[in-house]
Amino acid sequence: VSCYTHCTRFAINRAILLRMFSLLLLLLLPLATPQNILIILLDDVDDLAPTREKGFPNITAHFTKNGVMYNNAFVTTPICCPSRGSIYTGTYQHNHRTLDNTVTNGCDGPNWDKNIAPNSLGKRLQDLGYRTGMYGKYSNNYRGDKVPVGWDDWLGLVGNSQYYNYTLNRNGVNEEHGLDYKKDYLPSLILDAGIEFMQDDKSRKPWCAFLSFPTAHESFDAAPQHQKLFKASKPPNLNYPSFNKTGDPGKHWYTSSRPPLNNVSAKYNEQGWIRRLQSLQSIDEGFVRILKKIDPKNTTIIFTSDNGFYFGEWGMILDKRQPYEVTVRVPMYASGPLFPKGSTQDTVVLNIDVAPTAIDVAKKSGAGKPKPGVSDENYGLQFDGTSMLSLLEAPKARNSFLIEYHGMGNGIDSNDSCAHINMRCWYKDNKVWYTEPKFDIPDGEKFCFCVDSRNNTFTCERRVNNNNPGIFTNFLYCSFSSGFNEYYNLHKDPFQMKNMWGTLGEDQKWEFKRRIGRIRECRGFEECNQLDNSGFDSDKPFR
């Protein structure tokens, strides 16, 4: 036999053996197991360092060691219901059409049933074979009349954030709750129901648990064992140059018209900060409980908030719904087998990335094909965001994004003696908090609190580039419905103290307006991300 024939037979036999060995491995090794997914959503929680360090130190420690901490995490609409619509669907407000916190403008009701529920991450994961559970605050106006599409297990809070004295819908049945900590404290009930769901593996399906806490929304009610903590703590915002700076003509009317904090409202601001830290302890301790009940090697965890919060900047307290850093920056952390450990990223991530990330994790970790007849085209909304996994692979894929909001408010919404035309206002007095520590002011004292106006309607471009100090690389530009414009160079002015719009040339103003026009009604990631490949000359000096 020639050498050629012998060598050829050897090569063929070797190839056959390798093929048989590969097939044997496939038969012996289990198929990839789809990752379980846990999403934890807080309410009105800022991204300030003292909040991370005091409010949820165990959570911070977990993601610092075992996951990714994002330094540039933002919401695209800084108010509860529209932001939640974006988190559920991965789309901007102008696409899911929940414009504010009212049923009239899409927060629950017909718009929600059409645009949010059938396009939610819950429904998409169900279609990929997941078992899904939703626990806690769903929308500000959930009425408890049904279990929304997309959720196999359901514990929905009727109405807006409460800790006591509320109604829950438990898988279609409403139940009333009072003021008993052991039976009624909502953060505890959310944790208990979520953990029970995560441990129930009878179906053998992967699961997605969405835990949506009222914490740390006002009234910031803490568990009794936490009510004496942090008594000496002060909001770090007290040292900001923007603290209680009112009457600035460079700010939009709604912000510039705020009265300065007085003794009563300043005390409310400081006591509210303490109560927030106290209330967050239940979430932090609950997170430790969760880690003991799940398999972290097979679970992706995403932790975030629906928006940030004011603590006296420009005289604003107890609110958000403005495009400034303190209200649009949020904590965003992720961990799991597909995420690196011990990583801190400057990549820009958004609330509209949560749903795409959950779907990407499911698919990358071995989830099967969607149910027969179901594809991405079956969903009425396509993702405007993208997976955080893809952003890890291409961290510079996004620098610019949209911030948008539709203002609300009129005199009918207000207390009569505290009403302002086209604004939403209420009084706050010492009866505002159910639990200790109470608002420490004498009976009869109160302050007027206004939260919104109709012309607080804006479309903004936020561009983030902390490493390149070139012109127009790190800025906020906002166009308000009233025709007012604001531009801030965040390289030189991180607290957004000086509106530089009036100093720009006409060609530069035109360019800002042109850029906003390109993404104001964008649909889909590519179209909504188109500004990242265009921009101003970064080599010119600052203006």
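No side-chain heavy atom of Leu41 sits less than 4.5 Å from a side-chain heavy atom of Phe213. At a threshold of 4.5 Å between non-hydrogen side-chain atoms, the residues Leu476 and Cys460 count as touching. Two residues are said to be in side-chain contact when any heavy atoms from C-beta on lie closer than 4.5 Å; Cys478 and Thr459 fail this criterion. Looking at Lys364 and Leu338, their side chains come closer than 4.5 Å, going by heavy atoms from C-beta outward. Taking the side chain as every heavy atom from C-beta outward, Pro148 and Trp154 approach each other to under 4.5 Å. Under the 4.5 Å side-chain criterion, counting only non-hydrogen atoms from C-beta, Val354 is in contact with Met332. Proximity of Thr76 to Asn351: side-chain heavy atoms (C-beta onward) are separated by under 4.5 Å at one or more points. Within the 4.5 Å cutoff, side-chain heavy atoms of Arg518 are placed close to those of Gln530.
No side-chain donor from either of Arg275 and Ser219 sits under 3.5 Å from a side-chain acceptor of the other. Ser86 and His96 share a donor-acceptor pair across their side chains, judged by distance under 3.5 Å alone. Trp207 and Thr132 are not linked by any side-chain donor-acceptor pair at a separation below 3.5 angstrom, with hydrogens and angles left out of the test. Of the N and O atoms on the side chains of Asn36 and Asp295, not one donor lies less than 3.5 Å from an acceptor on the other residue. Between the side chains of Glu285 and His226, a donor-acceptor pair is found at a separation under 3.5 Å. Side chains of Ser279 and Gln281: no donor on one and acceptor on the other come within 3.5 Å. For the 3.5 Å distance criterion, the side chains of Asp152 and Gln126 qualify, holding a donor opposite an acceptor. Inspection of the Asp100 and Thr102 side chains reveals an N or O donor paired with an N or O acceptor under 3.5 Å. Under the 3.5 Å distance criterion, with hydrogens and angles disregarded, a donor-acceptor pair is assigned to the side chains of Asp384 and Asn95. No side-chain donor from either of Thr60 and Arg52 sits under 3.5 Å from a side-chain acceptor of the other. With 3.5 Å as the limit, one finds a donor-acceptor pair spanning the side chains of Asn474 and Arg462. Side-chain contact annotation: Tyr92 with Glu521, donor-acceptor N/O pair under 3.5 Å absent.
In this structure, Arg523 is not positioned above the aromatic face of Phe383 in the sense of NZ or CZ being under 6.0 Å from the six-membered ring centre and within 45° of the axis. Figure legend: Arg398 and Phe525 shown without cation-pi pairing, the cationic atom not lying both under 6.0 angstrom from the six-membered ring centre and within 45 degrees of its axis. By the 6.0 Å and 45° rule, Arg84 does not stack over the aromatic ring of Tyr138.
The two residues Val349 and Met388 come nearest to each other via the heavy atoms CG1-CG, 3.9 Å. Residue Asn237 comes nearest to Leu48 through the heavy atom pair OD1-CD1, 3.5 Å, listed as atom of the first residue, atom of the second, then distance. Here the shortest heavy-atom pairing between His94 and Arg520 reads ND1-O, 3.3 Å. The two atoms that bring Asp346 and Asn72 nearest to each other are O-ND2, 2.8 Å, heavy atoms only. Annotation for Pro323 and Gln496: closest pair O-NE2, 4.5 Å, computed over non-hydrogen atoms. The nearest pair of heavy atoms linking Ala222 to Thr435 is N-OG1, 4.4 Å.
At least one donor-acceptor pair under 3.5 Å links the side chain of Glu404 to the backbone N or O of Gln93. A donor-acceptor pair is defined here as one N or O able to donate and one able to accept, closer than 3.5 Å; no such pair exists between the side chain of Asp108 and the backbone of Val103. Listed for the Ser387 side chain is a donor-acceptor partner under 3.5 Å among the backbone atoms of Leu389. Side chain of Ser233 to main chain of Phe230: no donor-acceptor pair is present (N/O by atom type, distance under 3.5 Å, no hydrogens or angles). Between the side chain of Thr304 and the backbone N or O of Pro331 there is at least one donor-acceptor pair closer than 3.5 Å. Put simply, the side chain of Arg329 gets close to the backbone of Asn71: a donor and an acceptor are under 3.5 Å apart. Counting only distance, with no hydrogens or angles, the side chain of Gln35 and the backbone of Val361 share no donor-acceptor pair below 3.5 Å.
A side chain to side chain contact (heavy atoms under 4.5 Å, CB included) with Tyr142 is found for one member of Asn160, Asn169, Leu157 and no other, namely Asn169. When Pro57, Pro296, Ser335 are each tested for a side chain to side chain contact (heavy atoms under 4.5 Å, CB included) with His62, only one passes: Ser335. The salt bridge (Lys or Arg N to Asp or Glu O under 4.0 Å) with Arg276 is formed by just one residue from the set Asp44, Asp46, Asp43; it is Asp46.
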Review point. Yes or no on ring pair (Phe, Tyr, Trp, His ring centres under 6.0 Å) for Phe401 and Phe74, after CA distance, side-chain angles and deciding distance?
Key: CA-CA 9 Å; Phe401 59 93; Phe74 299 84; 4.9 Å; yes
Practice item. With side-chain hydrogen bond (donor to acceptor under 3.5 Å, both in side chains) as the test, would you mind laying out the steps for Ser390 and Thr386 before giving the verdict? Key: CA-CA 7 Å; Ser390 67; Thr386 190; 3.1 Å; yes
Exercise for review: Evaluate salt bridge (charged side-chain N to carboxylate O under 4.0 Å, His left out) for Asp284 paired with Lys54, printing each intermediate quantity in order.
Suggested key: CA-CA 10 Å; Asp284 196 51; Lys54 296 179 180 179; over 6 Å; no
Practice item. For the pair Ile290 and Leu38, evaluate side chain to side chain contact (heavy atoms under 4.5 Å, CB included) and give the outcome as yes or no after the intermediate values. Key: CA-CA 10 Å; Ile290 289 172; Leu38 169 61; 3.7 Å; yes
**Study point:** CA sep, side-chain torsions, deciding dist, call: His491, Phe475, side chain to side chain contact (heavy atoms under 4.5 Å, CB included)
**Key:** CA-CA 8 Å; His491 277 301; Phe475 65 77; over 6 Å; no
Review point. Going through the distances and angles, do Tyr70 and Val348 end up as a side chain to side chain contact (heavy atoms under 4.5 Å, CB included)?
Key: CA-CA 8 Å; Tyr70 289 98; Val348 175; over 6 Å; no
Check your understanding: How far apart are the C-alpha atoms of Leu121 and Cys208, what are their side-chain angles, what is the distance that settles it, and do they pass the side chain to side chain contact (heavy atoms under 4.5 Å, CB included) test?
Key -> CA-CA 9 Å; Leu121 60 90; Cys208 172; 4.2 Å; yes
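A 6.0 Å sphere centred on CD of Gln199 holds more than 12 heavy atoms belonging to other residues, nucleotides or ligands. Enclosure of atom CD in Glu196 is not indicated, since only 12 or fewer non-hydrogen atoms of other residues, nucleotides or ligands lie within 6.0 angstrom. Counting non-hydrogen atoms of other residues, nucleotides and ligands closer than 6.0 Å to CZ of Arg143 gives a total above 12.
Rounded to the nearest 0.5 angstrom, Glu175 CD and Leu155 CG are separated by 6.5 Å. Note that CZ of Arg131 and CE of Met198 are 10.0 Å apart. Values are rounded to the nearest 0.5 Å.
Asp113 and Lys146 are joined by a salt bridge, as a carboxylate oxygen and a charged side-chain nitrogen come within less than 4.0 angstrom of each other. With salt bridges taken as basic N to acidic carboxylate O contacts below 4.0 Å, none links Asp180 and Lys182.
Taking the six-membered ring for Trp and the full ring otherwise, the centers of Tyr185 and Tyr164 sit less than 6.0 Å from each other. In this structure, Phe311 has its ring center under 6.0 Å from that of Phe309. Annotation: Phe303 is in aromatic contact with Phe56 [ring centroid separation under 6.0 Å].
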